Enquirer: 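My questions all concern the structure below.
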Amino acid sequence: MMTPDQVEDAAARLFEAERERRQIRLLSLDFPGATMDDAYRVQAALVKRKVASGLAIKGWKIGLTSKAMQSALAIDIPDSGVLFDDMFFDDGGTVPTGRFIQPRIEAEIAFVMKAPLKGPDVSIDDVLDATDYITPALEILDTRIERVNKETGKVRTFFDTISDNAANAGIVIGGRSAGPREADLRWIGAILSRNGEVEETGLGAGVLDHPAKGIVWLANRLHQYGMQISAGQVVLSGSFVRPVEARHGDDIVADFGPYGTISIAFAR
């Protein structure tokens with residue numbers, strides 16, 4: 001287990017890395033014995049610093065919901081991070097040059113909550129009952145930690161990703177919203193294109209077989225820490241496509257069919 005000083009040290013490194021738009025060395029190299037609980041302690045310390053800097057918490061993101069992504073990080077459960085008010089971009093908007101370090105884009109379904117959701121025994125029905133509406137979303141991922149360490153060849157672990165607020169960076173919501181029981185969430189899909197070329201396609205079922213299952217997991221996990229999902233918060237339920245690199249000058253469009261199209265551009 002990491003000491004309190006080590007937790008604060010790791011959080012401080014991440015906070016400064018994001019502010020300075022640079023990547024730091026893998027935390028897992030410096031704290032090789034760190035556990036998943038340690039990772040969430042570092043994330044909590046990072047969140048505390050961001051709130052102290054003036055940012056407001058607006059919701060949650062759930063990541064690592066696909067078997068492929070879990071396998072890549074040697075983990076068998078999802079992870080989660082915190083959404084802040086400065087992460088929300090307008091549909092059709094432009095991300096300024098230099099805002100992110102190494103951004104990638106995912107397509108998913110966002111749940112906007114009308115009632116609080118508190119564990120320990122949350123079910124899919126509970127999630128749907130507490131949801132005001134669902135809407136198409138793009139998540140912008142970024143990493144303040146190197147993906148691969150050049151000296152050792154070591155790749156990121158779950159500890160690096162979770163500590164780094166689950167690689168959370170931005171969110172775009174738009175398209176046509178719907179009631180949570182108006183659609184078969186497993187069959188809502190998207191075609192994700194970059195500069196007019198299709199890069200990825202996927203269906204909601206790619207997220208733990210049902211997008212609401214990630215929110216079930218999140219609510220029950222938060223209960224262990226005396227926390228809950230609050231009314232009015234936005235929850236990104238997890239990507240059903242592989243992340244697509246977003247480069248300077250790229251235009252990213254996600255076509256959700258009957259649920260509309262959303263887009264974000266990256267300035268040159």
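For this chain, numbers begin at 1 and follow the sequence in order. This structure is a prediction, so every number in the text was calculated from the model and none was measured.
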Enquirer: To the nearest 0.5 Å, what is the distance between OG on S193 and CD1 on I105?
Expert: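 Here the rounded value is 12.5 Å.
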Enquirer: Is there a side-chain contact between Q43 and D79, using heavy atoms and a 4.5 Å cut-off?
Expert: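 No, every pair of side-chain atoms sits at 4.5 Å or beyond.
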Enquirer: With clusters defined by side-chain heavy atoms of hydrophobic residues (ILVMFWY) lying less than 4.5 Å apart, directly or transitively, does I101 cluster with V95?
Expert: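 Cluster IDs for V95 and I101 differ.
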Enquirer: Does I252 share a hydrophobic cluster with I191, counting links as ILVMFWY side-chain heavy atoms below 4.5 Å and allowing steps through other members?
Expert: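 As far as the 4.5 Å side-chain criterion goes, I191 and I252 are not connected within one cluster.
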Enquirer: Measuring from I162:CD1 to L46:CG, what's the distance to the nearest 0.5 Å?
Expert: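 These two atoms lie 13.5 Å from each other.
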Enquirer: Give a yes or no on whether a salt bridge exists between R99 and D86, defined as a side-chain N under 4.0 angstrom from a carboxylate O.
Expert: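 Result for this pair is yes, salt bridge flagged.
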Enquirer: Can you tell me how far apart NZ (K50) and CZ (R19) are? Round to the nearest 0.5 Å.
Expert: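 Spacing of NZ (K50) from CZ (R19) equals 11.5 Å.
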Enquirer: Could you tell me the separation between the NZ atom of K154 and the CG atom of L26, rounded to the nearest 0.5 Å?
Expert: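 Reported value, rounded in 0.5 Å steps: 6.0 Å.
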Enquirer: When you check the gap from the basic side-chain N to the acidic O, do K61 and E108 get nearer than 4.0 Å?
Expert: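 No, this pair does not count.
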Enquirer: By salt bridge (Lys or Arg N to Asp or Glu O under 4.0 Å), which residues pair with R13, not counting sequence neighbours?
Expert: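 Testing R13 for salt bridge (Lys or Arg N to Asp or Glu O under 4.0 Å), a comparison that skips the adjacent residues, returns D9, D30.
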Enquirer: Using a 6.0 Å distance limit plus a 45 degree cone around the ring axis, check whether K58 lies over the aromatic ring of F88.
Expert: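 Geometry flag: not set, cation outside 6.0 Å or 45°.
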Enquirer: In the hydrophobic cluster built from side-chain contacts under 4.5 Å, what are the other members alongside W187?
Expert: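 Members besides W187, by chain and number: L203.
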Enquirer: Under a 4.5 Å cut-off applied to non-hydrogen side-chain atoms, are L208 and P78 in contact?
Expert: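 In short, these two side chains touch, coming nearer than 4.5 Å.
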Enquirer: Show which side-chain atoms of residues 228-238 pair as donor or acceptor with protein atoms under 3.5 Å away, not counting sequence neighbours.
Expert:
residue: Q233; atom: OE1; partner: W60; partner atom: NE1; Å: 2.9
residue: Q233; atom: OE1; partner: S230; partner atom: N; Å: 3.0
residue: S237; atom: OG; partner: I109; partner atom: O; Å: 2.7

Enquirer: Let me check something: do L27 and L141 share a hydrophobic cluster, defined by ILVMFWY side-chain heavy atoms less than 4.5 Å apart, either directly or through other members?
Expert: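 No, it is not one cluster - the side chains of L27 and L141 are not joined through contacts under 4.5 Å.
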Enquirer: Do E8 and R49 meet the salt-bridge criterion of a basic N to acidic O distance under 4.0 Å?
Expert: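 Salt bridge present between R49 and E8.
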Enquirer: With respect to E200, which candidate in R104, R242, R194 satisfies the salt bridge (Lys or Arg N to Asp or Glu O under 4.0 Å) definition?
Expert: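 Of the listed options, the one satisfying the test is R242.
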Enquirer: Has E146 got a side-chain atom pairing as donor or acceptor with R25's backbone, closer than 3.5 angstrom?
Expert: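 Checking the backbone N and O of R25 against the side chain of E146, no donor-acceptor pair under 3.5 Å is found.
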Enquirer: Ion pair present between D160 and R144, side-chain N to carboxylate O less than 4.0 angstrom?
Expert: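 No salt bridge links D160 with R144.
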Enquirer: How many angstroms lie between atom CD1 of I264 and atom CG of D251, to the nearest 0.5 angstrom?
Expert: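 These two atoms lie 9.5 Å from each other.
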Enquirer: Taking the basic N atoms (NZ, or NE/NH1/NH2) and the acidic carboxylate oxygens, is any pair closer than 4.0 Å for D126 and K118?
Expert: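 Between K118 and D126 there is no salt bridge, as every charged N stays at least 4.0 Å from the carboxylate O atoms.
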Enquirer: Ring-plane angle category for Y40 and Y225, please: parallel below 30°, perpendicular beyond 60°, tilted otherwise.
Expert: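 Correct class here is tilted.
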